[in-house]
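Taking it in order: structure first as structure tokens, then the write-up.
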Amino acid sequence: MSVVRTRFAPSPTGFLHIGGARTALYSWAYARHHGGQFILRIEDTDVARSTPEAVQAIIDGMAWLGLEHDEGPFYQMQRMDRYKEVIGQMLAAGTAYYCYTSREELDALRAEQEAKKEKPRYDGRWRPEVGKTLPPLPEGVQPVVRFKNPTDGVVAWDDVVKGRIEIANAELDDLIIARADGTPTYNFCVVVDDWDMGISHVIRGDDHVNNTPRQINILKALGATVPQYGHLSMILGDDGTKLSKRHGAVSVMQYDEDGYLPEAVLNYLARLGWSHGDDEVFGMAQFIEWFDLDHITASAAQFNTEKLNWLNQQYLKAASDSYLAGEVARRLAPRGIDPEQGPSLEAVVALYKDRAVNLNELADAVEPLLVEIHPTAEMIETHLTEAARAALAQLRERLVAVEWEKAAISQAIKETCTALGMKMPQVAIPLRVALLGLPQSPAIDAVLAVLGRETVLARIGRFL
RNA sequence: GUCCCUAUCGUCUAGAGGCCUAGGACAAUACCCUUUCACGGUAUGAACCGGGGUUCGAAUCCCCGUGGGGACGCCA
């Protein structure tokens with residue numbers, strides 16, 4: 001069996017978004033599954049729209065997700081000589097030709113065809129044919145180079161996700177492979193790159209299905225081996241419409257900012273458009289073991305933030321306290337909070353990680369344990385009644401002497417309840433408000449234990 | 001307009017002719033657990049786009065509609 005070599009080939013005209021991330025993930029996982037190589041290639045031939053910032057954004061996104069490549073990044077702009085070399089060969093071999101049709105003529109042709117409700121396409125006026133007389137060479141027109149596409153028969157391939165696809169050559173026109181300024185175009189560069197880089201499986205977005213027959217024809221004209229193709233359907237936004245700036249078409253780094261763990265995003269993406277029976281929660285090692293291009297869904301999938309949230313929560317619960325403490329500290333820093341002060345961040349995070357959906361929520365939840373709190377007047381009025389304050393006063397006295405660990409603290413709270421004939425919540429809720437400014441928290445004895453005696457006594461003391 | 005792809009609960013999906021009284025997960029609802037809020041547990045409701053075939057038998061195969069998406073650039 002031959003070596004598996006896959007690639008991810010984004011054009012650096014924006015950040016790495018969720019659709020691109022899934023394409024990269026599948027290509028990466030397929031290579032890993034087969035012990036092959038995963039190549040990163042930057043398709044930057046559109047000089048006007050490509051930016052170094054976008055290149056960096058893509059690399060950052062890949063790094064955040066942990067999709068490391070084995071070769072590259074290769075930049076198409078650095079491979080110009082090679083493309084020109086191949087174009088020269090094709091011109092010489094007669095599989096490509098110069099076309100002197102101007103942009104204006106092309107526009108007119110297109111308009112005419114559209115008016116007649118026809119599929120717009122080049123009419124082959126400069127295509128050399130035996131016994132055909134070409135038009136006279138116009139003055140001052142720099143020619144483009146067009147590929148001489150076969151006119152009959154069909155191009156067919158067995159798409160690994162969509163099955164057999166056949167397209168009649170009659171549907172295809174002679175595409176431009178080099179612009180008037182000599183620079184090669186996308187469909188041509190892809191072909192040369194996939195060929196030169198020995199790509200065995202091209203896994204890419206659905207929007208490239210129509211490019212595939214053209215690329216196969218060029219590959220064949222070059223005498224190159226045609227790789228396997230797999231076209232992934234697109235990802236729709238939360239509302240079922242195409243991803244746009246407003247919903248979902250955001251950088252994967254936005255997910256970091258929104259408090260998602262890369263593991264959760266990866267797991268979510270793996271399951272969006274692919275399945276392994278009823279399995280839902282699995283790490284990348286497991287995914288690599290399972291993933292094999294079977295079971296990829298052919299139809300478009302709608303992004304569902306709620307399920308991502310649920311997955312993120314699962315990963316949050318499973319994550320280690322030290323990892324979470326690091327992530328939370330990173331989010332607390334911009335708020336001017338130094339987690340070195342106060343109780344151990346790991347202990348605090350452990351208390352809250354079961355109840356947060358994302359890291360930002362976790363940071364929010366943890367904050368009152370780390371900084372001075374300011375309960376609202378309303379909160380104080382509703383919860384810190386005379387009776388409540390009396391209970392807190394008595395509890396405080398017990399806490400002064402008690403051994404500082406959960407069971408003993410719990411015992412002290414219970415004794416206070418009994419002594420005053422109060423129910424647990426009647427003491428616990430005011431206590432929460434006094435300590436955290438909130439009526440809800442994890443188990444109160446655990447909160448006290450983590451907060452430390454000094455802080456607890458001081459915070460209760462403020463209301464006596 | 002032409003070509004290509006696609007169609008199972010609200011969403012992601014299982015399903016490769018009988019295992020389907022269509023399964024799981026998210027979301028929803030109810031109950032349980034609970035010291036509050038969560039977590040967790042249990043249960044309930046919820047789908048094969050329509051029409052024709054093929055077959056003893058179709059969610060699964062074929063055809064036609066319809067819906068959705070994509071492509072038709074000297075963009076990638």
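Atoms considered below: every heavy atom in the structure, side chains included; atoms not considered: hydrogens, waters and symmetry mates. Reminder, nothing fancy here: chain letters follow the sequence lines and each chain counts from 1.
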Notebook entry, point to check: Do the rings of A:F291 and A:F287 sit parallel, tilted or perpendicular, given the 30° and 60° boundaries?
Noted result: tilted
Notebook entry, point to check: Rounding to a whole Å, what distance do you find between A:D107:CG and B:C74:C1'?
Noted result: 11 Å
Notebook entry, point to check: Checking all strands, does A:G273 fall into the base, sugar-phosphate, or nothing category for heavy-atom contacts under 4.0 angstrom?
Noted result: sugar-phosphate
Where do N or O atoms of nucleotides 20-23 of chain B meet protein N or O atoms at under 3.5 Å, pair by pair?
from, atom 1, to, atom 2, distance (Å)
B:G23, N2, A:D278, OD1, 3.1

Checklist line | A:E289: partners by side chain to side chain contact (heavy atoms under 4.5 Å, CB included), with sequence neighbours left out | finding: A:Q286
Check: Nearest nucleotide by nearest heavy atom, which residue falls closer to the 5' end of RNA chain B, A:K116 or A:Q313?
Finding: A:K116
Next item on the list: Give the rounded distance in Å between these two atoms: CG of A:N210 and C1' of B:G73.
Entry: 14 Å
Check: Is a side-chain donor or acceptor of A:S27 paired with a backbone partner of A:F8 at a separation under 3.5 angstrom?
Finding: no
Next item on the list: Please identify each residue that fulfils salt bridge (Lys or Arg N to Asp or Glu O under 4.0 Å) with A:D364, with sequence neighbours left out.
Entry: A:R335
Check: Is the shortest side-chain N to carboxylate O distance from A:D46 to A:R49 below 4.0 Å?
Finding: yes
Next item on the list: Not counting sequence neighbours, which residues clear ring pair (Phe, Tyr, Trp, His ring centres under 6.0 Å) with A:H69? List them please.
Entry: none
Check: Residues from residues 429-445 of chain A sitting under 4.0 Å of RNA chain B, heavy atoms only?
Finding: A:I429, A:R432, A:P439, A:Q440, A:S441, A:P442, A:A443, A:I444, A:D445
Margin query: Suppose we screen for side chain to side chain contact (heavy atoms under 4.5 Å, CB included). Which residues come up paired with A:E378, at least two apart in sequence or across chains?
Written below: A:T376
Note to self: Can you list everything that forms a side chain to side chain contact (heavy atoms under 4.5 Å, CB included) with A:H276? Sequence neighbours excluded, please.
What the structure shows: A:W274, A:D279, A:W290
Checklist line | A:F303: ring pair (Phe, Tyr, Trp, His ring centres under 6.0 Å) partners, not counting sequence neighbours | finding: A:Y268
Notebook entry, point to check: Taking atom P of B:C74 as reference, at what distance in whole Å does atom CD1 of A:I177 sit?
Noted result: 13 Å
Can you check nucleotides 61-69 of chain B for protein contacts, nitrogen or oxygen pairs under 3.5 Å, and list what you find?
none

Margin query: Students often get this wrong, so: under 4.0 angstrom with heavy atoms, is A:H231 touching a base, only sugar-phosphate, or nothing?
Written below: nothing
Next item on the list: Keeping the roles fixed (side chain from A:H33, backbone from A:D292), state whether a donor-acceptor pair exists under 3.5 Å.
Entry: no
Checklist line | A:P73 to A:I42 - nearest heavy-atom pair and separation | finding: CB-CG1, 4.1 Å
Protein-nucleic acid N or O pairs under 3.5 Å, nucleotides 41-49 of chain B:
none

Next item on the list: Not counting sequence neighbours, list each pair that qualifies as a salt bridge (Lys or Arg N to Asp or Glu O under 4.0 Å) and has a residue in residues 409-419 of chain A.
Entry: A:R398-A:E415
Next item on the list: In whole angstrom, give the distance that lies between atom CH2 of A:W310 and atom C1' of B:G24.
Entry: 10 Å
Checklist line | Summary of side-chain hydrogen bond (donor to acceptor under 3.5 Å, both in side chains) pairs that have at least one residue in residues 418-434 of chain A, sequence neighbours excluded | finding: A:R432-A:S441
Notebook entry, point to check: What about A:Q113, does its side chain sit under 3.5 Å from the base of B:G1 through a donor-acceptor pair?
Noted result: no
Notebook entry, point to check: Which whole-number value in Å describes the distance from A:L109 CG to B:C74 P?
Noted result: 11 Å
